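Worth saying up front: this structure is predicted, and the values here are computed from it rather than measured.
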Amino acid sequence: MDLAYRLCAVREACMVCWTSLHHLPKAKAIIQHILMIEDDCRLTAMVKTYLAQHGYLIAHVTTGEEGLAALRDHEHAGFAAVLLDLMLPDSDGLDICRRIRALPSPASAVPIVMLTAKGDPFDRVIGLELGADDYLPKPFEPRELLARLRAVLRRPALAAADSLPRLRFGRLEIDRDARVAQLDGQGCPLTAYQFDLLVVLAERAGRVLSRDQLIDALKGGSHEPFDRSIDVHIGRLRAAIEDDPSQPRRIITVRGSGYVFARVQDG
């Protein structure tokens, strides 16, 4: 009898706890805003519906210029990612990708997933070189898009613990995490290779680096003897970051030795 009484009491206590938990206020779902630059409205409607079920709210524009305007708008500075079509009615998606990466921070660091009906691996490589984080060919399964979107959104959080300080040299600022260089607050148009070259130079500011040392740092030693391609990239890099590329003050040639990145540039 005593055991039966105890079991009944435990059952009643459990029911009270369950009722209390059931009536607790539900945690507010975190909604992440995604910008979709895509002229296929049927595809966008499908993506909107599917991603909404998983906590993503899609803002849709049909042209590249509208997408850039939305990213520049301070009210839309909180986009978690961009879904970018490669073939847009007003512009090339590859060019829009490059221009996004040239925007002022934080817009320049937004993760980009490129969507395209073109399966050319060359376009895929170019897109990634220009700063896209992932690439999904059409047609695609919504579940695959969701998985890729979640993956690119995890990367900034994983990298936050290992974030690198920005490098500043007068009016020039280099954000190694966002892979963006800015001069007077304006993005410098750099390819991925040119940005890596700039970082190699800036991290060793004040040191004269030979062509071989620069190429070793960029390619890990796999290059041809007397490779002069670095000179071409230096010229393009100067065109992007120097006030007067013919009279450089940031990347200085040391005749017979190589190049040096100046510690003091605007003094």
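When hydrophobic clusters are built by joining Ile, Leu, Val, Met, Phe, Trp and Tyr residues whose side-chain heavy atoms come closer than 4.5 Å, directly or via intermediates, Y56 is grouped together with M46. Clustering ILVMFWY residues whenever any of their side-chain heavy atoms sit less than 4.5 angstrom apart, transitively, puts F140 in the very cluster that holds M36.
Proximity of P89 to T63: side-chain heavy atoms (C-beta onward) are separated by under 4.5 Å at one or more points. Looking at heavy atoms from C-beta onward, I251 lies in side-chain contact with I241 at the 4.5 angstrom threshold. For the pair P165/R176, a side-chain contact is recorded, criterion being any heavy-atom separation below 4.5 Å from C-beta on. Using a 4.5 Å heavy-atom cutoff, the side chains of D134 and L149 are not in contact. Looking only at side-chain heavy atoms (C-beta outward), Y135 and T116 come within less than 4.5 Å of each other. The shortest distance between side-chain heavy atoms of L51 and L146 falls below 4.5 Å. Looking at heavy atoms from C-beta onward, I37 lies out of side-chain contact with D85 at the 4.5 angstrom threshold. Residues I34 and V47 fail the side-chain proximity criterion, which asks for heavy atoms closer than 4.5 Å.
Between the CZ atom in R211 and the CG atom in D216 there is a gap of 14.0 Å [rounded to 0.5 Å]. From I230, atom CD1 reaches atom CD of Q213 across 11.5 Å, with rounding to the nearest 0.5 Å. R236 contributes atom CZ, which lies 12.0 Å from atom CD1 of I234 (distance to the nearest 0.5 angstrom). Considering CD1 of I100 and CG of L35, their distance stands at 7.5 Å, rounded to 0.5 Å. The structure places CD1 of I31 at 12.0 Å from NE2 of H54, a figure rounded to the nearest 0.5 Å. With rounding to the nearest 0.5 Å, the separation of CD in Q247 from CZ in R238 is 10.5 Å.
Taking a cutoff of 4.0 Å between a charged side-chain nitrogen and a carboxylate oxygen, R166 and D177 do not qualify as a salt bridge. Between D243 and R250 there is a salt bridge, with a side-chain nitrogen of the basic residue lying less than 4.0 Å from a carboxylate oxygen of the acidic one. One finds a salt bridge joining D133 and R101 here, because a Lys/Arg side-chain nitrogen approaches an Asp/Glu carboxylate oxygen to under 4.0 Å.
Of all the heavy atoms in A202 and I174, the pair that sits closest is CB-CD1, 3.6 Å. For the residue pair A181 and L198, the shortest heavy atom distance occurs at CB-CD2, 3.8 Å. M114 and A132 get closest at one heavy-atom pair: CG-CB, 3.6 Å. Contact detail for R99 and E65: the closest heavy-atom pair is NH1-OE2, 2.8 Å. When all heavy atoms are compared, the tightest approach of V208 to S257 is CG1-CB, 3.8 Å. A pairwise comparison of heavy atoms in G93 and L84 identifies O-CD2, 3.4 Å as the closest pair.
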ask   = Going through the distances and angles, do D231 and Y259 end up as a side chain to side chain contact (heavy atoms under 4.5 Å, CB included)?
value = CA-CA 10 Å; D231 298 330; Y259 300 98; 2.6 Å; yes

For F261 and R207, what are the C-alpha separation, side-chain angles and deciding distance, and is it a side chain to side chain contact (heavy atoms under 4.5 Å, CB included)? CA-CA 7 Å; F261 193 81; R207 289 173 50 189; over 6 Å; no

Inset, instruction - Report the C-alpha distance between Q194 and C188 in whole Å, list the side-chain angles of each, state the deciding distance to 0.1 Å, and finish with yes or no for side chain to side chain contact (heavy atoms under 4.5 Å, CB included). - result: CA-CA 11 Å; Q194 290 161 12; C188 301; over 6 Å; no

Trace of the side chain to side chain contact (heavy atoms under 4.5 Å, CB included) decision for L115 with D40 = CA-CA 11 Å; L115 311 174; D40 186 336; over 6 Å; no

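Classification of the H233-Y193 ring pair by plane angle, with boundaries at 30° and 60°, yields tilted.
With hydrogens and angles disregarded, no donor-acceptor distance shorter than 3.5 Å links the side chain of R98 to the backbone of P189. Within the 3.5 Å criterion, the main-chain N or O of V180 finds no donor-acceptor partner in the side chain of D175. Although no hydrogens or angles enter the test, the distance criterion places no donor-acceptor pair under 3.5 Å between the side chain of D184 and the main chain of Q186.
With R204 as reference, L209 is the one residue of V199, V260, L209 to meet the side chain to side chain contact (heavy atoms under 4.5 Å, CB included) rule.
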